[in-house]
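In this chain, numbering begins with 1 at the start of the sequence shown. The model shown is predicted, which means the values in this text are computed figures rather than measured ones.
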Amino acid sequence: MAGRAAMLVNVGTVVITVLTLASFVEGFGVNWGNIASHPLNPDIVVRMLKENKINKVKLFDADSWTMNALAGSGMEVMVGIPNNLLETLADDYGNAKDWVKENITAYMRKDGVNIKYVAVGNEPFLSAYNGSYLKTTFPALKNIHRALKEAGHTDVMKATIPQNAEVYESANDKPSEGDFRSDVKQIMLDIVKFFHDNDLPFTVNIYPFLSLYLNEHFPVEYAFFDGNGQTIPDNGKNYDNVFDANYDTLVYALNKAGIKDMKIIVGEVGWPTDGHKYATPKLAEKFYAGLMKRLAKDVGTPLRPEKLEVYLFGLLDEDMKSILPGPFERHWGIFRYDGTPKFMLDFTGQGRKIVPVAAKGVQYLDKQWCVVNKDTINLDEVGPDLDYACYHGDCTSMLYGSTCSNLDKIQNISYAFNMFFQIQGQDVRACDFRGSAMITKNNASVGSCLFPIQIVSGSDDFRISFVFGRFIVAGLILLGLVTAI
């Protein structure tokens, strides 16, 4: 096959041909997060991105290991500044200069990193933050922009602030009524004026999945791009999906602020695959297929029928992310933690039944699992140990409607024990649980419920001490992550 590379990938029990083509959709990138107990080696990730013809990435920090792996790749990069640095950068311009020098200028060299954007904060005006970053975000932005300008970088890169779509709203759920949220309206008007005056883009994160998650009466098909749901007329435009409606709500909000031509970047859009009844690989496949077809056609939205710039969320699962927004937070990846694709996705936007190219060169820990020792376990006393395993591990796949929600009592406990054991790097002390667990060489997976083996990683950041006590993990019980036994 001239100009093509073919290989076979086994997804579940189905063998599917993967084609790597040069004519992939332009204008999209992926979010690459690393809140994981065992992050993939960045060199492996960069190689995987290249093989999937993905040439744009959005980062949430300026981690040197990741940045050095991107050096010489030619990929366009959006470098992130975490929210916890906003106050430091806002208080002292010298801090902003130092940050730019160490995290931007240091990579602006021959065969360096192709930095296109600097993201100042991440969704800093979420209502859940209770205004924690309202006073620091804009000053931090101005200091970073000034530092970039003084360093001579603003000709090739722009500063921006990734905002959650929550910063704007509509009184009647129609785009034409869009305006900035009342409690942040003035600061948002100040920011977008600064954006406009300095030719900076507005970055927004849009999540159709959350519309379903937060509203049980939300029409399911309206979350997708198939056009099978209801059509909502508004001011001469028709909307058949919530993404378009959400995007154009922002456009109307900007128009009301007197800004009609500002570049908009969709910083995050995606679909999770576990942790909720609507978070499944099947629905993720449906969502991404529709999105990629849309991007391939360059049709934009009803109010802005032009090419979109979009970053998919996300690249990899992250097993240490906070689950306060929902248990699905650890399952946004197109790829599993080890770089294995979860579902079919044609990055050309042609809708073919192919899967992305998996990561190569991944090394795994030993083929062993931690499971219940049926001869020694006391089911009446295992509750605190189960709480402990879930709190320091990841039991989000055990929730109702998730991939491991149909396990029996013993299998539930084994799943929790194994997740903790794997996250702790298979340390033998992590498979004791006061004598109620044991290590086995027999694959403990049950049907479609995968009991994973962790990968070899250079990070030991999430190791914990082994202190098993009798306690209650209130957050887990409130979220219902632990099956009562």
Side-chain angles (χ1 to χ4, degrees), residues 7-16 18 20 30-52 54 57 63 65-66 69 270-275 279-281 284-285 288 312-321 328-345 347 354-370 393-397 402-404 415 418-427 430 441 443-446 448-463:
M7 62 179 292
L8 295 181
V9 173
N10 196 333
V11 179
T13 58
V14 182
V15 177
I16 304 167
V18 179
T20 306
V30 294
N31 284 267
W32 177 4
N34 276 316
I35 308 178
S37 62
H38 291 67
L40 267 177
N41 185 304
D43 292 326
I44 291 176
V45 176
V46 170
R47 189 183 316 127
M48 180 178 72
L49 291 168
K50 287 181 177 179
E51 292 184 344
N52 283 289
I54 298 172
V57 293
D63 173 69
W65 196 18
T66 301
W271 200 276
T273 58
D274 215 344
T280 68
E285 181 179 318
Y288 278 115
L312 310 182
F313 189 87
L315 182 62
L316 299 160
D317 281 348
E318 299 173 79
D319 63 356
M320 302 305 287
K321 285 191 72 175
F328 50 82
E329 277 296 314
R330 295 176 176 175
H331 304 281
W332 285 103
I334 295 171
F335 297 84
R336 298 185 191 279
Y337 67 98
D338 60 353
T340 301
K342 300 181 192 175
F343 48 84
M344 289 179 280
L345 174 55
F347 287 123
I354 60 177
V355 295
V357 180
K360 297 182 176 67
V362 180
Q363 293 182 305
Y364 293 84
L365 301 179
D366 292 342
K367 290 185 177 181
Q368 57 183 8
W369 295 260
C370 180
D394 180 17
C395 294
T396 53
S397 293
S402 300
T403 54
C404 298
Y415 183 87
N418 185 64
M419 291 301 293
F420 177 78
F421 175 64
Q422 299 296 337
I423 283 177
Q424 296 305 314
Q426 295 188 357
D427 190 308
K441 298 291 185 179
N443 191 333
S445 299
V446 180
S448 61
C449 175
L450 174 69
F451 282 50
I453 296 174
Q454 262 298 351
I455 62 172
V456 175
S457 173
S459 174
D460 290 323
D461 294 344
F462 292 97
R463 300 296 175 85

Work out which heavy atom in [X] is nearest to a heavy atom in [Y]; give both atom names and the distance.
X	Y	result
P272	A284	O-CB, 4.2 Å
L40	G339	CD1-N, 3.7 Å
F313	Y288	O-OH, 3.0 Å
D43	A69	OD1-CB, 3.4 Å
A359	I44	CB-CG2, 3.8 Å

Original post:
Listed by chain and number, what are the ring pair (Phe, Tyr, Trp, His ring centres under 6.0 Å) partners of W271, not counting sequence neighbours?
Top reply: F209, F224, F287
Original post:
Sequence neighbours excluded, which residues qualify as ring pair (Phe, Tyr, Trp, His ring centres under 6.0 Å) partners of F421?
Top reply: none
Sequence neighbours left out, what passes side-chain hydrogen bond (donor to acceptor under 3.5 Å, both in side chains) with [X]? Give chain and number order.
X	answer
W332	E329
K367	none
T280	none

Subject >> Listed partners of D317 passing salt bridge (charged side-chain N to carboxylate O under 4.0 Å, His left out), at least two apart >> reply: K342
Report the distance from atom [atom1] of [X] to atom [atom2] of [Y], rounding to the nearest 0.5 Å.
X	Y	atom1	atom2	result
I334	L312	CD1	CG	5.0 Å
F420	S37	CZ	OG	11.5 Å
W369	Y415	CH2	OH	14.0 Å
S457	D338	OG	CG	12.0 Å
C370	Q424	SG	CD	11.5 Å
Q422	I455	CD	CD1	11.5 Å

**OP:** Test V57 against V46 for side chain to side chain contact (heavy atoms under 4.5 Å, CB included), laying out the working first.
**Re:** CA-CA 10 Å; V57 293; V46 170; over 6 Å; no
Are [X] and [Y] packed together at the side-chain level, in the sense that at least one heavy-atom pair is separated by less than 4.5 angstrom?
X	Y	answer
L316	V45	yes
Q454	Y337	yes
P452	N418	yes
N41	W65	yes
V456	L365	yes
W32	P42	yes
P356	F335	yes

**OP:** For a side-chain hydrogen bond (donor to acceptor under 3.5 Å, both in side chains) with R330, tell me which candidate from D319, T396, D274, D394 qualifies.
**Re:** D394
Original post:
Within the side chain of S445, is there an N or O that forms a donor-acceptor pair under 3.5 Å with the backbone of F451?
Top reply: yes
